[in-house]
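These numbers were taken from a predicted model, which means no experiment stands behind them.
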Amino acid sequence: MTINKYQGKTKEEAIEKAKQELGEGAVVMNVKEIKPTGMFKAWKSSVFEVTAAKEEKDDFVDPRQVADLAAKTVKTLNLAADEKISPKEFSNDRTQDILSGRLTSAPELHAPELHAPELHAKDGLEKRLENLSNILEKQLSVEESRQKEVKEEEKEHQVVNPEGLQFIKMLYRTLLENEVNEKYVNQILDEAEKVMHSGSSVDVILSNVYQKMILKLGQPDTICVTGKKPRIIFFVGPTGVGKTTTIAKIASKYKLEMGMKIAFLTADTYRIAATEQLRVYANILDAPMSIIYSSEEMNAAIERVNEYDLIFVDTAGFSHKNDEQCNDMKKMLAGLDEAYEREVYLVVSATTKYKDLLEIADRYKEIADYKLIFTKLDETEAYGNIYNIKMYSGAPLSYMTNGQNVPDDIEEFNTQKIVKQLLGGR
C-alpha cells in the first residue's frame, strides 16, 4: 500500500493532486483542514491536507504463505460466532491508558492476563475511531517501513501479541454484530493478520483494518456530467425503497446548487401515486416531465428536451422474482438511442435482508451494469449489508439517504463514516 499526504487551497485541489500522482485508483483516507498560525494568521488562508492511499497488488498476504500461522491463530482465538467474549479483557491501570483514547503512546503490556469489563474495551475502540486522524499520521511512517514481504522462515519465529489477539477478537465480534457477513469478516482480518506479529500495538491493527475496508469500499462514484447533452440517468430497484424521493433529492442538488437544466421521465405506470409524486417535484423545480410506456416513447420524449443537461428516469419497482417485468425493464434500457449517454443506479434499502439483497443484485445485473444507492440508513443501526453487497456485486457505491426530507437527507456515499460505524464507532 502506498500512502502519501497532499495539500491544496481547497479539498478538491488536494484530492486532484493525489489522483495525479497515485492515479484514479487513489482512495482518500482522511481530510484535514490546517488553519494558519502565528502573528499574521488573520491574513492567511487555511489549507487542506488529504491523506490518500493506493493498494498495491503485492500488499496482500499470500494465503498459502500464512496458512499454517492463520490456522494456529484461528485455533487460538476460537472465533466461533456464538462464542462469548470474556469480560476479563483489556485491564489494569496501564491498559486503561490505551483504552482512554491516547492512541499514539500505548504502553507495552507485561501482565500475562488482562482484566477489565468489555464495555471499557468498546468505549476505548470508539475513542480510537474518533481519533483515526492521529492513527493515520502514525501509520504513514509505519507503512513506509513495511514495504518488503516478511519471509516464511521469519514468520514461523514471530510471536503473536496477546493484546493484539484479544483486540482482533473484539473487532471480529463487532463486525458480526453489525451484520457484516462472516466470510467478509474473515477476509478483513486475514489481511490484517500480518500486523499482529512482533508486538504490534492495537493502534496499528485498528489502522490497518480501517484502511483495508476504506480501500475495498472505494471512492463514491456519482453522476458524471461530461458536458455532452443530455445525460440520461435511470433509477431502478425494488418497490418501496424510495426511488422517486431519491430522484427528487438528487435532481434538486443539480438544479438548485449547480444550476443545471433537468427534466423528468417516468415509466412507473403501475402506481398512480408515484407519477403524481414525481409531478409535484417537477412543478416545484420548474422542470418538464413526461410519462413513457415504451423505449420508442422514451426516445421521443428525450428528443423534446435534448438541450437539457440531465434527464432523470423513474422506473417501475418490481419484485426480483417477476421475470416479465424484468424483461420489460431490460428492453426499455436497451432501447435507448445510442446517441445518448446513460447511467443506471440500483436503489436498495439498507433494511433489506441479506439473502434478498443478493438476489436483487443478481437480477438487476441481468438488466444492466449499475451503481449502488443505499436508502433508509436512518431506519437501521447495522450497516453490514452495505459492505456485503459492495463486496458481492463489485458495483460502485454512489449515494446514501437517511430520511425523507428533500433535498437534505442525501449525501455522496461517506466511506469513512460507514467504516467507522462498522468498526464500532459513532
What verdict does the side chain to side chain contact (heavy atoms under 4.5 Å, CB included) test give for Ile389 and Val348, after you've listed the backbone C-alpha separation in whole Å, the side-chain angles of each residue and the deciding distance to 0.1 Å? CA-CA 10 Å; Ile389 297 305; Val348 291; 5.8 Å; no
Yes or no on side chain to side chain contact (heavy atoms under 4.5 Å, CB included) for Leu278 and Asp268, after CA distance, side-chain angles and deciding distance? CA-CA 10 Å; Leu278 190 62; Asp268 190 357; over 6 Å; no
Verdict with reasoning, Cys224 to Arg231, per side chain to side chain contact (heavy atoms under 4.5 Å, CB included): CA-CA 9 Å; Cys224 176; Arg231 193 167 188 83; 4.1 Å; yes
Take Asn414 and Met400, measure what side chain to side chain contact (heavy atoms under 4.5 Å, CB included) needs, and give me the verdict at the end. CA-CA 8 Å; Asn414 191 328; Met400 59 187 194; 3.4 Å; yes
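Nearest heavy-atom pair, Asn306 versus Pro230, reported as atom, atom and distance to 0.1 Å: O-CD, 3.4 Å. What you find for Val225 and Tyr254 is that their closest heavy atoms are CG2-CE2, 4.0 Å. Closest of all the heavy-atom pairs between Ile410 and Asn402 is N-OD1, 4.3 Å. Nearest heavy atoms, Ile223 versus Tyr399: N-OH, 3.3 Å. Summarising the geometry of Pro238 relative to Val347, their closest heavy-atom pair is CD-O, 3.5 Å, with the distance given to 0.1 Å. Of all the heavy atoms in Val344 and Ala368, the pair that sits closest is CG2-CB, 4.1 Å.
With hydrogens and angles ignored, the 3.5 Å screen pairs no side-chain donor or acceptor of Asn178 with any backbone N or O of Val180. Checking side-chain atoms of Thr245 against main-chain N and O of Gln404 turns up no donor-acceptor pair under 3.5 Å. Without hydrogens or angle criteria, Arg342 side chain to Leu333 main chain gives a donor-acceptor distance under 3.5 Å. Formation of a donor-acceptor pair under 3.5 Å by the Thr375 side chain with backbone atoms of Val241 is found in this model. Of the possible donor and acceptor atoms, one in the side chain of Tyr370 sits under 3.5 Å from a partner among the backbone N and O of Ala361. Proximity of a side-chain donor or acceptor of Thr315 to a complementary backbone N or O of Phe235 within less than 3.5 Å is detected. No side-chain donor-acceptor contact under 3.5 Å links Tyr210 to the backbone of Val419. Using modelled atom types, one side-chain atom of Asn388 and one backbone atom of Glu179 make a donor-acceptor pair closer than 3.5 Å. Using modelled atom types, no side-chain atom of Ser398 and backbone atom of Pro220 make a donor-acceptor pair closer than 3.5 Å. In this structure, the side chain of Lys390 engages the main chain of Ala395 through a donor-acceptor pair within 3.5 Å.
Residue Ile367 holds its CD1 atom at 9.0 Å from CG of Leu346, rounded to the nearest 0.5 Å. Here the CG atom belonging to Asp286 is positioned 9.5 Å from the CD1 atom belonging to Ile262, to the nearest 0.5 angstrom. For the atom pair NZ (Lys183) and CD1 (Ile188), the distance works out to 12.0 Å, reported to the nearest 0.5 Å. Atom CZ of Phe312 is separated from atom CE of Met289 by 14.5 Å, given to the nearest 0.5 angstrom. Atom CG of Asp314 is separated from atom CZ of Phe234 by 11.5 Å, given to the nearest 0.5 angstrom. With values rounded to the nearest 0.5 angstrom, Leu357 atom CG is found 10.0 Å from Ser393 atom OG.
Proximity of Met213 to Leu175: side-chain heavy atoms (C-beta onward) are separated by under 4.5 Å at one or more points. Put simply, the side chain of Ile302 reaches to within 4.5 Å of the side chain of Leu265, judged on heavy atoms. Residues Thr266 and Val313 have side chains not in contact (no heavy-atom distance under 4.5 Å, counting atoms from C-beta outward). Using a 4.5 Å cut-off on side-chain heavy atoms (C-beta onward), Asn385 and Thr380 make no contact. By the 4.5 Å heavy-atom criterion applied to side chains, Asn181 and Tyr354 are counted as neighbours. With a 4.5 Å cut-off on side-chain heavy atoms, Gln219 and Val28 count as touching. Lys376 is not listed as a side-chain neighbour of Thr401, based on a closest heavy-atom distance of 4.5 Å or more. Taking 4.5 Å as the limit, some side-chain heavy atom of Phe264 sits within range of a side-chain heavy atom of Leu285.
Within a 6.0 Å sphere centred on NZ of Lys9, heavy atoms belonging to other residues, nucleotides or ligands number 12 at most. When the shell of 6.0 Å around CD of Glu33 is examined, it contains more than 12 heavy atoms from other residues, nucleotides or ligands.
Remark: the Glu379 side chain and the Thr351 side chain contain no N/O donor-acceptor pair separated by less than 3.5 Å. Using modelled atom types, one finds a donor on one side chain and an acceptor on the other under 3.5 Å when comparing Glu303 with Tyr340. Using a 3.5 Å distance cut-off with no hydrogens or angles, the side chains of Tyr172 and Glu182 do pair a donor with an acceptor. Between the side chains of Glu21 and Tyr6, at least one donor-acceptor pair of N or O atoms lies under 3.5 Å. Remark: the Asn405 side chain and the Asp409 side chain contain an N/O donor-acceptor pair separated by less than 3.5 Å.
Between Glu366 and Arg363 there is a salt bridge, since at least one side-chain N of the basic residue sits less than 4.0 Å from a carboxylate O of the acidic one. A salt bridge does not link Lys261 with Asp309: none of the charged nitrogens is closer than 4.0 Å to a carboxylate oxygen. By the 4.0 Å N-to-carboxylate-O rule, Glu343 lies close enough to Lys371 to be salt-bridged with it.
Scored by the salt bridge (charged side-chain N to carboxylate O under 4.0 Å, His left out) test, Glu411 finds Lys417 as partners (sequence neighbours excluded). In terms of the side-chain contact (heavy atoms from CB on, under 4.5 Å) criterion, residue partners of Asp362 (sequence neighbours excluded) are, by chain and number, Tyr392.
If you run side-chain hydrogen bond (donor to acceptor under 3.5 Å, both in side chains) between Gln7 and each of Glu49, Glu13, Lys32, Lys17, only Glu49 comes through.
For the pair Lys216 and Tyr387, the cation does not sit on the ring face, since its NZ or CZ is not both under 6.0 Å from the ring centre and inside 45° of the axis.
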